[in-house]
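Every chain is numbered from 1 and lettered A, B, ... according to where its sequence line falls, protein lines coming before strand lines.
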Amino acid sequence: MTVGINAFILVAGLLFAIGLLGVVLRKNTLIIYMSLELMLNAVNLALVAFSRYNGTMDGNLFVFFIITVAAAEVALGLAIIVALFRLRQTVMVDQLTSLSR
Amino acid sequence: MIDILFYVFAAITLTSALLMVVSPNAVNSAMCMIVSFVGTAGMFVLLEAYFLAVLQILVYAGAVMVLFLFIIMLLDVDKETNQILKDKLTLAASIAGFALLVVMICSAFAGGQHLPETSLLPVLENPTGAGIGIPFTTSAKSFGYSLFTKYMLPFQVTGFLLLSAMIGVIVVSKKHS
């Protein structure tokens, strides 16, 4: 494969930037949360690329742990969003401003 | 041939990620997210991390996104909203910040400031990695060996994290009377 590590890191960086755009742009808490998952995924891609081109296994193991933590985080975060919706009847961040008053 | 596959997977991943961000319907966003995860899994295969590619499909594109779709359809928040984005100032500021970030990332790889181009190292045949460190292998056996030797403590901590997350979900989602 003649594609070097720079191409993989470039893709990972662009994926991270798109995730950040989703976090600052959208109003729906669920979409913001999915964008956070996208940013974690970009980091996973960078770690696997570094691991492969470095010839060590440690990056792959970090990705293994990141996937585990992300799964736990998604379960807990979605439970919090459901509890929030039950309390306020909305998940739009522009209507969840009761702390600012 | 493999180079073409890399460009195809990169295009799929980035395009569907961008569609996920701009799609007005939350269910469409989740579907685009699944395609993006599958594209990332394809790039994991190109990097010869086969176990992680399978894990990515199973955990991310399977479990996590199904959970997201379930919650999106359960809450059904798209009906009462007419405007999905924030106000125009936030829109302009977000896009300007995104463009700045993209220029910054691309300029890090343009010109003569690359990371050193290393060629792919040959895949070793020793999956347990006896010797120096844990060398890269494509075998899932090296995951098990590393998890129970070098990464024993993080592995146990992750187990406790999963347990506490499970208990936390039960406590948070329980309807208190």
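In the hydrophobic clustering of this structure, I32(A) does not group with L84(A); members are Ile, Leu, Val, Met, Phe, Trp, Tyr whose side-chain heavy atoms approach within less than 4.5 Å, directly or through other members. Taking hydrophobic clusters as Ile, Leu, Val, Met, Phe, Trp and Tyr residues chained together by side-chain heavy-atom distances below 4.5 Å, I105(B) shares a cluster with I95(B).
Considering OG1 of T15(B) and CE of M20(B), their distance stands at 13.0 Å, rounded to 0.5 Å. Rounding to the nearest 0.5 angstrom, the gap separating the CD1 atom in I34(B) from the CZ atom in F68(B) is 11.0 Å.
With respect to chain B, the highest number of heavy-atom pairs below 4.5 Å among V82(A), L14(A), V69(A), V91(A) belongs to L14(A). Ranking L5(B), T40(B), I170(B), L55(B) against chain A, the residue ahead of the rest is T40(B), based on heavy-atom pairs under 4.5 Å. Considering only heavy-atom pairs separated by less than 4.5 Å from chain B, the leading option among T68(A), V74(A), N41(A) is N41(A). When each of S35(A), G13(A), A17(A), G22(A) is scored by its heavy-atom pairs under 4.5 Å with chain B, the top score falls to A17(A). Put simply, of A71(A), A75(A), A83(A), the one with the most heavy-atom pairs under 4.5 Å next to chain B is A75(A). Ranked by heavy-atom pairs under 4.5 Å with chain B, the list I80(A), N60(A), N44(A), I81(A) is led by N60(A). Between chain A and the residues L67(B), I2(B), D3(B), the most heavy-atom pairs under 4.5 angstrom are made by D3(B). If you tally non-hydrogen atom pairs under 4.5 Å between each of V102(B), I71(B), L161(B) and chain A, the highest count goes to I71(B). Residue with the most contacts toward chain B among L45(A), V11(A), V63(A): L45(A) (heavy-atom pairs, distance under 4.5 Å).
In this structure, the portions of A17(B) lying under 4.5 Å from any heavy atom of chain A include both its backbone and its side chain. In this structure, no portion of E73(A) lies under 4.5 Å from any heavy atom of chain B. With a 4.5 angstrom heavy-atom cutoff, F64(A) touches chain B via backbone and side-chain atoms both. Contact annotation for M65(B): only side-chain heavy atoms (C-beta onward) come within less than 4.5 Å of a heavy atom of chain A. The part of F51(B) that comes within reach of chain A is its side chain, from C-beta onward, which places non-hydrogen atoms under 4.5 angstrom from that chain. Both the backbone and the side chain of F8(A) come within contact range of chain B, each with at least one heavy atom under 4.5 Å from a heavy atom of that chain. Proximity to chain A (any heavy atom under 4.5 Å) is shown, for Y151(B), by both the backbone and the side chain. Looking at A30(B), both its backbone and its side chain come within 4.5 Å of chain A, counting heavy atoms on both sides. Of the atoms belonging to V59(B), it is side-chain heavy atoms, and not backbone ones, that fall under 4.5 Å from chain A. If you measure heavy-atom distances from N54(A) to chain B, the contacts under 4.5 Å come from the backbone alone. With a threshold of 4.5 angstrom between heavy atoms, M43(B) approaches chain A through its backbone and through its side chain. For L20(A), the part lying under 4.5 angstrom from a heavy atom of chain B is the side chain only.
The two residues E37(A) and A70(A) have their closest heavy-atom pair at OE1-CB, 3.9 Å. When all heavy atoms are compared, the tightest approach of A72(A) to A165(B) is CB-CB, 3.7 Å. Heavy atoms only, all atoms of each residue included: S146(B) and L61(A) are closest at CB-CD1, 3.1 Å.
In this structure, the side chains of L38(A) and F16(A) stay at 4.5 Å or more apart for every pair of heavy atoms. Residues I57(B) and V38(B) meet the side-chain proximity criterion, which asks for heavy atoms closer than 4.5 Å. With contacts defined as side-chain heavy-atom distances shorter than 4.5 Å, the pair F37(B)/Q56(B) qualifies. Under the 4.5 Å side-chain criterion, counting only non-hydrogen atoms from C-beta, L147(B) is not in contact with M152(B). Proximity of Q95(A) to R88(A): side-chain heavy atoms (C-beta onward) are nowhere separated by under 4.5 Å.
Between the side chains of N28(A) and Y33(A), no donor N or O sits under 3.5 Å from an acceptor N or O.
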